[in-house]
Amino acid sequence: MAFTVLVLIVSAVATFTYNAIAKFNIISNEIISVKAFSNNVALYTDMRFKEAIASLNGYSVAFSDADNMTDEEITEKLIYCADNSFFCHIAFVDDDGRTCTNGEMGINPRVYAGTSLAGSMNVAPGANIYSVPVHSSSGSVIGTLVGKLEDNAAANASFKAYGVSGVTYILNTDGTIINCSNNTASGIAAGDNLITVLSDENDINLIRTHLSQNDVSDSFKVTYKDEEYILAMTSLDTQAWTLVSLVPCSAVIDFYSNITAPLNYMIFGLTAVFVILAGYLFYFTHRVRKTAEGIIDENNKINYVDDITGYSSWKSFMENYDKAMLDTGTKRAFLALDIDKFKTVNDTLGYEGGNEILRKISEIIERDIGDNDFFARNGGDHFFMVVEYKNEKEVTEIVNHIISDIEYQITEIKITVSIGIYPITDANMKIRAAADRANLARNSIKSLSESRFAFFNQSMMENIREEKNIENIMEDALEKREFVVYLQPKYGLGDETGEVIGAEALVRWYHNGEIISPGKFIPIFEKNGFVTKLDFYMFEEVCKLQKSWKNQGLRPKIISVNMSRLHFPNPDFVSTLKNYCDAYDIDTKYFEIEITESAAYENINILMNVFSEIKSAGFHVSIDDFGTGYSSLNMLKDLPVDVLKIDRSFLTENADEEESASKIIACVVSLASSLDISTICEGIETKEQASLLSKLGCNMAQGFYFARPMPVKDFEKLVYNLN
Ligand code: C2E
Ligand code: MG
Ligand code: MG
């Protein structure tokens with residue numbers, strides 16, 4: 001309803017405005033048009049005057065001998081002239097006052113003859129009586145011919161326009177109307193003085209000025225008795241007169257209004273339609289915009305807000321990074337933060353609890369970094385930050401702040417984090433490359449080290465390059481059999497002291513005349529998964545050895561082979577090992593499968609299944625590097641394990657710590673023994689260590705003190721005395 005009223009108001013206002021503008025334009029245009037009419041009427045009037053004069057002049061010749069003619073003769077000629085011209089009456093008046101006419105004229109011709117007797121033609125006021133001088137053959141003026149036209153030139157000249165008759169006046173120089181068209185609608189008639197009937201000073205002055213000129217052509221608006229008129233003035237050629245045309249403005253407007261009435265309705269209608277359309281258009285664009293804004297808001301939320309932390313997303317981080325890189329004058333560092341053992345956090349607090357920790361860490365980072373700094377979570381527990389700094393000390397302070405805030409402000413569980421710092425040196429550095437460098441720095445932080453942050457250095461990059469190189473050649477190396485089995489003997493302690501009771505197969509890579517140790521490539525193969533291929537390869541190599549010893553009738557030794565945790569998800573893992581044994585016809589009991597403890601912790605259920613499977617296939621199972629991971633002693637009772645390999649980190653060279661270390665080892669050994677699990681200590685380098693372990697009840701020993709890992713040939717020589 002309100003909209004309809006609005007539409008009507010707007011349409012009416014538009015139409016009214018249109019009309020007001022249109023009227024103004026009409027009058028402005030018609031002022032010019034009326035001048036053109038006036039000019040034409042003046043031209044016509046002049047033409048009529050000249051025609052009449054020329055006609056009289058022509059007849060005047062017939063009277064050049066009038067002095068010698070009788071009145072009858074003159075009258076006869078006058079009748080002839082009148083019959084053959086536009087003049088209804090013609091009179092001859094000579095300088096003595098003799099007057100002859102063609103008939104009753106109704107006027108006194110003598111009154112009009114004066115000027116012409118003086119030698120010039122004349123058009124009398126009233127404009128339908130003309131006179132010309134009559135010359136004798138000698139050239140002297142002997143009389144005058146006076147002609148009266150039946151119609152009035154000015155009256156004839158009045159024009160029809162705008163549906164009314166315009167009024168035409170002929171004015172003499174003082175403004176008196178000496179002739180007037182038949183139509184005198186204005187009420188101003190012949191004999192009136194136009195200047196005195198008008199009241200507006202400006203109108204009067206303008207008209208007066210024009211009357212004093214003899215080549216006027218102008219038009220303008222005048223006011224007469226509160227009504228507006230368009231008045232046009234044009235000077236006539238024939239006499240010092242001015243032709244004036246007068247049209248009431250109301251007639252012009254009425255005339256156009258009649259024409260434009262349908263147009264008005266159209267404008268009204270069109271405006272209404274336009275306003276309705278505009279209204280709907282506005283409504284729909286408003287709705288579309290609102291919906292679009294909603295979608296954009298939602299998208300922005302999805303794109304720019306991390307759904308877990310509620311802080312900025314990785315996408316927004318990337319955009320901020322690109323923007324920050326444009327400003328090359330500021331020093332910035334790229335930081336990579338990871339929560340140490342986040343899995344434990346999740347296992348302890350549950351998924352939601354873990355998310356809450358991520359949120360709290362985000363809050364702390366947001367608080368601790370500067371206004372121009374930015375950060376985002378990049379999946380899991382990985383956070384990246386870009387912070388401005390002036391010197392290394394400053395960035396260290398920021399990082400220490402974050403680390404201590406996280407450690408002290410998060411109280412649900414003990415949280416430690418590691419932060420890698422890469423000071424951005426190259427403004428063209430891509431975000432991925434900067435993140436890789438910060439990650440490298442972070443990865444260099446050892447789990448047990450004091451410092452929880454590290455700066456990137458170039459050697460880390462070299463490690464990456466080396467990693468790439470290794471990855472490029474590993475498959476080829478396997479094909480070329482560059483991976484070689486080394487064996488490190490295991491010795492019995494106690495009763496069996498000095499006897500090689502088995503060995504651990506350790507891989508060595510013979511490459512370009514160099515021997516590369518597993519510490520360099522196993523972690524890389526763990527990352528890229530190649531380790532599983534290598535393990536099977538090593539296992540088969542050991543099978544071959546066992547086979548060869550068997551074939552030689554030698555007493556088999558239990559050889560332990562390291563197996564990566566990456567095998568666990570493979571359901572064929574154990575059966576593959578078993579197949580190798582079958583293929584080489586070696587009993588599985590001559591193999592021990594070493595699984596490192598870190599792997600042992602991660603999922604106790606999977607671990608139990610795999611261990612059980614290995615055991616049921618007849619293999620021995622050992623937990624390698626026991627004591628470095630997080631497995632609890634309690635867990636041991638559920639795991640089908642044959643051997644615990646106590647990590648060499650328990651062996652300390654520090655005498656003060658020796659006692660406590662001994663107690664731990666004694667404890668582990670006694671627990672293992674109670675569970676029927678054998679113990680072996682790795683990394684024994686001294687006689688003292690050996691005797692201590694022997695004393696503590698450890699069953700076996702492995703270490704440089706006894707023997708280093710060695711090529712098969714050396715092992716065979718040592719154990720079987722083979723050459
Ligand atoms: P690990 O299984 O714990 O092997 C024992 C490591 O201790 C060997 O290092 C051995 O050379 C070293 N070692 C032995 N006695 C001593 C000692 O008295 N002092 C010192 N400082 N070190 C001693 P290696 O051969 O460099 O192997 C390192 C690790 O690489 C192995 O640790 C094992 O985890 C892994 N590895 C080696 N070969 C393989 C393999 O074929 N497959 C898999 N998955 N991992 C392997
Ligand atoms: Mg091992
Ligand atoms: Mg070990």
Side-chain angles (χ1 to χ4, degrees), residues 470 474 477-478 481-491 500 502-510 514-545 558-568 570 573 576-577 580 591-600 610 614 619-629 631 641-653 679-690 692-693 698 700-712 714-715:
I470 288 175
M474 62 191 186
L478 192 66
R481 309 181 61 78
E482 288 183 3
F483 296 103
V484 175
V485 173
Y486 266 46
L487 293 169
Q488 183 176 34
K490 295 177 183 177
Y491 287 81
V500 176
E504 179 177 5
L506 294 161
V507 66
R508 296 291 179 267
W509 186 353
Y510 279 49
E514 253 187 276
I515 301 174
I516 311 172
S517 60
K520 279 215 162 158
F521 56 86
I522 290 288
I524 299 169
F525 293 173
E526 288 270 4
K527 267 199 263 171
N528 63 28
F530 187 67
V531 71
T532 55
K533 255 191 182 179
L534 180 68
D535 284 350
F536 286 140
Y537 174 85
M538 289 288 286
F539 190 82
E540 191 177 5
E541 289 298 295
V542 173
C543 285
K544 284 179 192 169
L545 279 180
I558 297 175
I559 307 293
S560 61
V561 182
N562 293 284
M563 285 291 155
S564 161
R565 66 179 184 282
L566 294 187
H567 290 287
F568 293 180
N570 176 11
F573 168 47
T576 306
L577 298 179
Y580 281 124
F591 293 89
E592 183 178 304
I593 307 300
E594 290 193 15
I595 309 283
T596 54
E597 198 203 6
S598 59
V610 176
I614 297 170
F619 297 109
H620 299 274
V621 184
S622 60
I623 296 181
D624 203 354
D625 304 335
F626 187 82
T628 56
S631 47
V641 173
D642 296 298
V643 182
L644 274 192
K645 293 192 81 178
I646 300 168
D647 192 72
R648 66 191 170 91
S649 57
F650 283 97
L651 300 172
T652 166
E653 282 158 24
T679 46
I680 179 167
C681 201
E682 326 180 70
I684 294 183
E685 292 179 347
T686 64
K687 193 180 169 189
E688 292 72 33
Q689 288 171 338
L692 174 71
L693 285 162
C698 190
M700 292 164 279
Q702 184 183 343
F704 294 169
Y705 171 69
F706 298 102
R708 288 185 172 254
M710 60 186 73
V712 170
D714 295 354
F715 181 81

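When a ligand or atom number is given, it counts from 1 through the structure's own listing order. Quick caveat: nothing in here was measured; it's all calculated off a predicted structure. These numbers come from the heavy atoms of this one structure, side chains and all, not from hydrogens, waters or symmetry mates.
Between M563 and L577, the closest heavy-atom pair is CE-CD2, 3.7 Å.
Contact residues of ligand 1 (protein heavy atom closer than 4.0 angstrom to a ligand atom; sorted by chain and number): Q488, E504, L506, V507, R508, P518, I522, V531, D535, M538, N562, S564, E594, D624, D625, R648, E682, G683, I684, E685, G703, F704, P709.
Metal site remark for the Mg ion (ligand 2): S622 contributes no N, O or S atom at a distance under 2.8 Å. Distances from the Mg ion (ligand 3) show that E594 has no N/O/S atom below 2.8 Å. At a cut-off of 2.8 Å, E504 is counted among the residues with an N, O or S atom near the Mg ion (ligand 2).
Salt-bridge check for E514 with K520: failed, with every basic side-chain N at 4.0 Å or more from each acidic carboxylate O. Salt bridge E592/K645: absent, no basic N to carboxylate O contact under 4.0 Å.
Proximity of the aromatic rings of F539 and F591 is defined here by a centroid distance below 6.0 angstrom, and this criterion is met.
Within D624, OD1 is the N, O or S atom that lies nearest to the Mg ion (ligand 3). With respect to the Mg ion (ligand 3), D625 has OD1 as its nearest N, O or S atom.
Note that CZ of F483 and CZ of F521 are 5.5 Å apart. Values are rounded to the nearest 0.5 Å. In this structure, CD1 in I559 is found 11.0 Å from CE in M538, a value given to the nearest 0.5 Å.
Side-chain contact between D535 and V561 is absent, with no heavy atoms from C-beta onward closer than 4.5 Å. Taking the side chain as every heavy atom from C-beta outward, D624 and E504 approach each other to under 4.5 Å.
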